[in-house]
Amino acid sequence: MLSEDSKFMKPYNPLDTEKRIYEMWEKSGYFNPDNLPSADKGPFTIMMPPPNANGRLHVGHALFVTLEDIMTRYKRLCGYKALWLPGTDHAGFETQVVYEKKLEKEGRSRFEFTREELYAEIMKFTLEHKANTEDDLRSMGASCDWSREKSTLDADIIKVVYATFKQMSEDNLIYRGKRIVNWCTKHQTSLSDLETNAETRTDKLYYMQYGPFVIATSRPETKFGDKYVVMHPDDTRYSQYKDGDKLPVKWLEGEITATVVKDEAIDMEFGTGVMTITPWHDMADFEIAKRHNLSGVEVIDKNGKLTDVAGEFKGLKIEVAREKVVERLKELGLLVKEEAYEHNVITCYKCNRILEPRIMPQWFVKMEPLAKPAIDAVKNGEIKIIPDFQEKIYFHWLENIRDWNISRQIAWGIPIPAKICSNPGCDYGAVDLDDEMTGKCPKCGEGELIVDPDTFDTWFSSGQWPYATLGYPDHSDFKKFYPTDVMETAADILFFWVARMIMLGLYRTGKIPFHTIYLHGMVRDGARQKMSKSKGNVISPVEIGEKYGTDALRMALIVGNTPGVDMALAEDKIKGYKLFANKLWNITRFVLSNADFAQYDKSFADYTEEDNKLRENRNNLIVDITADLDNYRFHLASEKLYHYIWDEFASNILENSKNIFLSGEDKAKISRQQFLLHTLEKILIVLHPFMPFVTEEIWQSLEKDSLLMIEKWPVE
RNA sequence: GCACCUUUAGCUCAGUUGGUUAGAGCGUACGAUUCACAUUCGUAAGGUCGCAGGUUCGAACCCUGCAAGGUGCACCA
């Protein structure tokens with residue numbers, strides 16, 4: 001029976017509880033599956049999507065932590081050797097951008113540093129944030145195995161990444177080539193197709209006289225040196241011109257000789273059906289030039305300024321140059337007309353500046369051979385994506401995949417272990433893991449072999465996370481825990497990360513990296529607005545945890561939140577689950593005031609008819625919830641538990657128990673006491689994955705000499 | 001342009017393979033209680049399940065078309 005000074009006489013106080021409970025768990029060693037005393041089932045593994053070590057965790061992270069912790073705790077309770085492997089991501093470009101913003105705020109610039117200095121600075125910055133991230137994960141109750149924690153810059157991870165790079169090179173899946181890439185003039189790096197946004201803009205379309213033709217362009221400043229004029233082979237308007245015809249043309253730089261090219265890529269309906277091409281600065285033009293083996297010139301440099309080719313316009317920025325070039329065209333009488341024109345421009349997803357397509361030697365991964373097995377793995381059901389509609393999106397992307405530019409011209413990242421040719425015109429490159437190659441370039445014979453200054457796209461390394469973290473190929477962890485079970489992550493990195501993990505995992509290990517992908521949506525505020533610092537509607541998980549308790553936040557994030565769909569999180573919802581934690585607290589107080597765990601009889605059987613009925617209902621519910629958990633229906637499992645505990649157990653059963661304890665027969669009293677004790681015990685276990693802190697705290701008061709986190713799941 | 005998602009009570013959302021009077025939380029209204037509850041309990045109002053067709057004994061759920069909002073992908077100068 002409860003004493004007057006029992007902690008249950010006061011409301012539940014999460015702030016006083018959570019840290020203490022977490023330390024108890026961590027000290028127990030049970031986050032490490034090797035230490036689980038009675039795990040009689042196989043391994044269950046989740047790789048934590050490593051948070052970027054460049055800021056505090058936000059409420060979106062809280063969602064993934066909660067989901068993965070629920071899965072891990074549930075499986076641990078079911079007797080699996082549950083491994084949830086935590087980590088952090090150096091997040092190459094992302095982090096460098098964050099760091100540069102910090103420098104800008106301080107009135108500094110990254111150009112004050114050498115590459116080595118910048119790397120060291122960002123490393124320091126990253127390590128600080130890594131510590132913050134770990135604290136935040138602990139405060140959210142993450143039951144992950146800290147003894148196996150990894151970072152993407154750990155030496156053993158880099159070793160695996162390098163070995164993959166080498167093998168891919170040997171298998172002819174990696175090539176270095178001069179290809180047109182997305183170039184950001186602010187960040188001074190190329191970007192993959194995924195790191196770009198398309199933005200609809202209205203600009204002017206200029207029609208210009210080009211010899212006997214009228215051509216249209218939105219970018220007159222790139223038209224220096226255009227000497228190929230292209231039209232569709234079937235266009236009868238121009239049938240008098242043959243492929244390869246040479247024509248004298250009066251153009252920006254004076255009299256030039258233009259060559260006629262016929263190509264089916266030309267849309268006869270658009271403009272005049274004739275265009276000139278700028279292979280250095282336009283994706284489509286580049287393709288045409290490649291087909292016809294045409295040469296091109298660089299008109300715009302890395303800083304977005306015109307080159308020598310532009311003569312007197314040299315050094316001007318694009319916007320300025322455009323106006324001046326149009327003026328010149330007018331003077332020359334070459335401008336026919338201008339009209340408003342709506343089109344898409346490709347912008348940097350970080351700074352929104354228009355990306356300048358340019359030709360550069362870069363490292364590319366051939367994606368088609370990798371994509372095919374990845375498509376098959378999902379098609380044949382080896383890998384399941386939840387929600388299933390995401391499979392369509394996955395197929396659509398993989399079936400139309402383009403080669404992946406994995407080199408970045410930034411300091412912060414894993415260096416590419418290769419030698420390249422010092423001659424900027426030469427695209428030679430070779431993998432050189434042991435830094436052995438020296439001498440003249442074997443391709444052009446002019447340049448010297450130098451260390452490639454570029455770094456890997458961060459997704460090239462994080463794409464190898466599941467097997468790299470487990471010590472592929474030799475470590476016993478790899479043999480034991482790979483393939484992993486569930487990949488739980490945000491729906492918006494399906495392409496960036498998930499698809500690449502499948503491709504690289506299949507390529508490198510020959511096995512799928514995980515059999516189930518659970519994708520969650522974005523967390524928005526109560527009014528469905530995106531959370532952002534500038535709007536001031538950001539919910540900080542640590543602050544909210546302090547105010548309402550982490551358990552309350554976790555429940556608010558799970559109940560009614562279906563996979564793959566964005567959710568709205570209002571503070572009132574969190575408050576509601578704080579009350580729920582307190583409800584559970586008071587339920588315990590009531591039960592312990594009327595029954596005693598010292599009298600708990602594990603095999604008690606002398607229940608009244610009424611209590612047997614209640615037992616049946618309770619057990620059915622637990623079976624039902626177990627099925628929900630097995631099928632990743634966490635939103636339903638949590639809601640059912642909530643309702644059973646509040647509306648059935650508290651409102652009906654406890655109310656009704658008052659009469660029994662007041663005036664019932666002894667047999668009924670004893671039966672009900674046992675029912676309450678058993679039910680409270682089972683509720684605590686089943687609720688534990690969702691609300692680990694309050695359930696463990698109550699468990700510790702039940703005169704049980706054990707941790708709730710390693711109890712046995714109560715399916716009878 | 002192509003694809004995908006969403007559309008259910010004032011708000012935010014559930015509704016697990018089509019099956020009886022469509023559910024929850026919050027909010028609202030009224031009442032009760034402080035007897036486990038820094039409260040809680042009860043009662044109530046509130047929905048043409050986006051629109052229009054179709055399949056079915058039966059549709060919020062399946063099919064077709066349309067509309068609105070959102071997202072992704074790709075592009076023609």
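What you see below is based on every heavy atom in this structure, not just the backbone, and it leaves out hydrogens, waters and symmetry mates. Convention: sequence-line order gives letters A, B, ...; per-chain numbering from 1.
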Nearest of [options] to any side-chain atom of [X]?
X: A/M275; options: B/C41, B/G72, B/A77; answer: B/A77
X: A/D267; options: B/A38, B/A24, B/C76; answer: B/C76
X: A/H643; options: B/C41, B/G25, B/C4; answer: B/G25
X: A/L579; options: B/U40, B/C41, B/U16; answer: B/U40
X: A/R402; options: B/A36, B/G15, B/A74; answer: B/A74
X: A/I393; options: B/A77, B/A38, B/C4; answer: B/C4
X: A/L194; options: B/C73, B/A14, B/A77; answer: B/C73
X: A/T562; options: B/A14, B/A74, B/C41; answer: B/A14
X: A/R589; options: B/A77, B/U16, B/A36; answer: B/A36
X: A/P11; options: B/G72, B/A38, B/A36; answer: B/A38

Problem set entry | Partner of A/W585 by ring pair (Phe, Tyr, Trp, His ring centres under 6.0 Å), out of A/F590, A/F693, A/F8, A/F580 |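 Only one of A/F590, A/F693, A/F8, A/F580 forms a ring pair (Phe, Tyr, Trp, His ring centres under 6.0 Å) with A/W585, namely A/F8.
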At under 4.0 Å between heavy atoms, what does [X] touch on the DNA or RNA strands: base, sugar-phosphate, or nothing?
X: A/F580; answer: nothing
X: A/E655; answer: base
X: A/A650; answer: base
X: A/N400; answer: nothing
X: A/T278; answer: nothing

For this session: Take the protein atom CG of A/N197 and the nucleotide atom C1' of B/U71, then report the distance between them rounded to whole Å.
Result: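 Roughly 12 Å, once rounded to whole Å.
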For this session: Take atom CZ of A/R524 and atom C1' of B/C5, then tell me their distance rounded to the nearest Å.
Result: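 Going from CZ in A/R524 over to C1' in B/C5 covers 12 Å.
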Please tabulate, one pair per line, all N/O donor-acceptor pairs under 3.5 Å involving side-chain atoms of residues 563-570 of chain A, not counting sequence neighbours.
residue, atom, partner, partner atom, Å
A/D566, OD1, A/M522, N, 2.8
A/D566, OD2, A/R524, NE, 3.0
A/D566, OD2, A/R524, NH2, 3.0

Distance, [atom1] atom - from [M] to [N], rounded to whole angstrom:
N: B/C61; M: B/A52; atom1: P; value: 13 Å
N: B/G25; M: B/C35; atom1: P; value: 26 Å
N: B/G70; M: B/C30; atom1: C1'; value: 40 Å

Is there a side-chain polar atom (N or O) of [X] under 4.0 Å from OP1 or OP2 of [N]?
X: A/K658; N: B/A36; result: yes
X: A/S651; N: B/C41; result: yes
X: A/W397; N: B/C4; result: no
X: A/N582; N: B/A38; result: yes
X: A/N586; N: B/A38; result: yes
X: A/H635; N: B/G15; result: yes

For this session: For RNA chain B, just give me the dot-bracket, please: Watson-Crick or G-U, both distances below 3.5 Å, ( ) intra-strand, [ ] crossing earlier pairs, | paired with another strand, . unpaired.
Result: (((((((..((((.....[...)))).(((((.......))))).....(((((..]....))))))))))))....
If you measure from the Lys or Arg side-chain nitrogens to the Asp or Glu carboxylate oxygens, is any gap between [X] and [Y] under 4.0 Å?
X: A/E342; Y: A/R201; answer: no
X: A/K262; Y: A/D243; answer: no
X: A/K337; Y: A/E339; answer: yes
X: A/K350; Y: A/E195; answer: no

Problem set entry | By side chain to side chain contact (heavy atoms under 4.5 Å, CB included) - contacts of A/A491 (at least two apart) |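 Checked A/A491 against side chain to side chain contact (heavy atoms under 4.5 Å, CB included); matches are A/Q390, A/L519.
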Exercise. Of all residues at least two apart in sequence or in a different chain, which pass the side chain to side chain contact (heavy atoms under 4.5 Å, CB included) check with A/E264?
Worked result: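 Counting only residues at least two positions away or on another chain, A/E264 forms a side chain to side chain contact (heavy atoms under 4.5 Å, CB included) with A/H232, A/P233.
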Exercise. Looking at residues at least two apart in the chain, or sitting in another chain, which of them share a side-chain hydrogen bond (donor to acceptor under 3.5 Å, both in side chains) with A/W699?
Worked result: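 A/S706.
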Exercise. Would A/E399 and A/K379 satisfy salt bridge (Lys or Arg N to Asp or Glu O under 4.0 Å), going step by step from the backbone distance to the final call?
Worked result: CA-CA 12 Å; A/E399 280 160 6; A/K379 280 221 164 116; 3.3 Å; yes
Exercise. For residues 567-577 of chain A, which residues have at least one heavy atom under 4.0 Å from RNA chain B?
Worked result: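 By residue number: A/A568, A/D572.
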